[in-house]
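The sequence lines fix the lettering, A, B, ..., with proteins before strands; numbering per chain opens at 1. Predicted model only: the values in this text are computed from it and were never measured. Atom set for the values below is all heavy atoms of this structure, side chains included, hydrogens, waters and symmetry mates excluded.
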Amino acid sequence: MLLRVDHESSVSLHEQIAGGLRAAIAGGELSPGERLPPARQLAQGLDVNVHTLLRAMQTLRDEGLLEMRRGRGTAVTGAAPKLASFTELAQKLVGEARRGGLDDKEILKLVEAQL
Amino acid sequence: MFDDTFTGVEGAGNAGSAWRSVVLLGVLPAVIVAVPAAAIAKYRGSVPSRLATHWSGSEPDGSMTLTGLIVTVSLVLILPGLAALVGGVLASRRLPQGMASMVAFTGLFIAGLGAWILTWSVFSHRNLESWTEASSVGVFPGVIASIGIGAAAAWLARTLPGAPDSPQREGDQLPALELASAERAVFVETMTFPFIMGLAAVGLLAAGVMLFIGEWQTGVFCLLMTLPGLSMGRVRVQADRNGVTLRSTLLPIRYNKIDLADIEQASVIDVEPMKWGGWGYRGSLKIAGTAAFVTRKGPGLRLDLTKNRRFAVTINDPETPTRLLNALRANA
């Protein structure tokens, strides 16, 4: 897995890291059950604060892609590969819709109409 | 042949290496032979006609004559060990770089064990009436001493020139990763070594059984023997702006931390296990100047380091860290 962040990008660091991890899961570079390196080691390599890295991991935990267990580290969940690509799609949809002038209520309505 | 070897070593730009060869081929073998010889000469008259060679528990249950012991230990341990040492040193140019060092370690470790067994046998039998009175303590210091003398030989042999090799499969052609100045990147891959995981599992099971039936000494021994296997069972490579680290993920052990500044070149290779000393973690960057973590034959990452050292690790995607490290080196 190659994880990269651009310190001069307008996208926040934790969003870049979360995006990189999500892409690695969707692309199969991180497989279910695989454990991530300790946050401190990844943070040092990316030249970011360890809290920034933990925040990215927590985002992915909330999306159901990672499970974080005390003392056992952070691992990719079994459902992650399936979820990751759709999470990426949903992000794209929301981004495009907002750029197109839709507000959050309208976006929700749009998705609900398809269900 | 000797002259050729020495001038060859000096010709390779390692002035002062001749004394290393003298110590390797002269002083160390002389010590291996002289120590037991001196002990035998001193105590020959005061040992019983037979010497204990095998124990069950603390009771000796096997014996040999002194001559028999000398012949057996010499043929089985000392001579083969010294032959391996001499062969490895003299043939270093035909072996992969760093292999002479590993051969020297193995040879002197084996010969050292033989020397210790002879020395300790006559020493511990001095002034005894019969071999049945001999105590069995004293093997452990011999193992430690043999590892020590083996490591000394490996260190001395590390600068011997090896066969010229062409590491690159496509390393030079791989374009460096495009990395903006404010961009940081980390490559991570975790490898599992199923064979060694299986061995460790069997060891753990054996340890459990031994502890359960109250054979706690054997149990603890089994447990200690599984630790190296466990530590090699799952390993993670991380490459980033700080360099390359190789860590065990099951035990808190860091095998290597190689600074970016020490990396002269990263390349993709096809790892031939025998060229790197076999499977598992092989060699030592500090002592032998060569180290590798090999789980299988096939694609791997090779790092050529400063001071003529080299490191290899088998990973499924060696291209990405090669491109990343070469970009980081160019930016540094």
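How far CD of B/E183 is from CD of A/E8: 10.0 Å, rounded to the nearest 0.5 Å. Rounding to the nearest 0.5 Å places CD of A/E29 at 7.5 Å from OG1 of B/T320. Note that the CZ atom of A/R4 and the CG atom of B/L179 stand 5.5 Å from one another [nearest 0.5 Å].
Of the two parts of B/L177, only the side chain, counted from C-beta on, holds a non-hydrogen atom closer than 4.5 Å to a non-hydrogen atom of chain A. Proximity to chain A (any heavy atom under 4.5 Å) is restricted, for B/R247, to the side chain, taken from C-beta onward. With a 4.5 angstrom heavy-atom cutoff, A/L36 touches chain B only via backbone atoms.
Identified under the ring-ring contact (aromatic ring centres under 6.0 Å, His included) test for residues 220-273 of chain B, with sequence neighbours left out: B/Y255-B/Y281.
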Inset, instruction - Evaluate side chain to side chain contact (heavy atoms under 4.5 Å, CB included) for A/R35 paired with B/T249, printing each intermediate quantity in order. - result: CA-CA 9 Å; A/R35 262 184 248 174; B/T249 68; over 6 Å; no
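Annotation: B/M225, atom CE; neighbour count of heavy atoms from other residues, nucleotides and ligands within 6.0 Å does not exceed 12. Summarising the local packing, NE2 of A/H51 is surrounded by 12 or fewer heavy atoms from other residues, nucleotides or ligands at distances under 6.0 Å. The environment of B/K257 atom NZ is dense: over 12 non-hydrogen atoms of other residues, nucleotides or ligands sit within 6.0 angstrom.
Applying side chain to side chain contact (heavy atoms under 4.5 Å, CB included) to A/M1 and the options B/V188, B/D317, B/T190 leaves one that passes, B/V188. A side chain to side chain contact (heavy atoms under 4.5 Å, CB included) with B/R184 holds for exactly one of A/L3, A/V48, A/V5; it is A/V5.
Near-neighbour residues of residues 10-26 of chain A relative to chain B, defined by a heavy atom under 4.5 Å from a heavy atom of that chain, are none.
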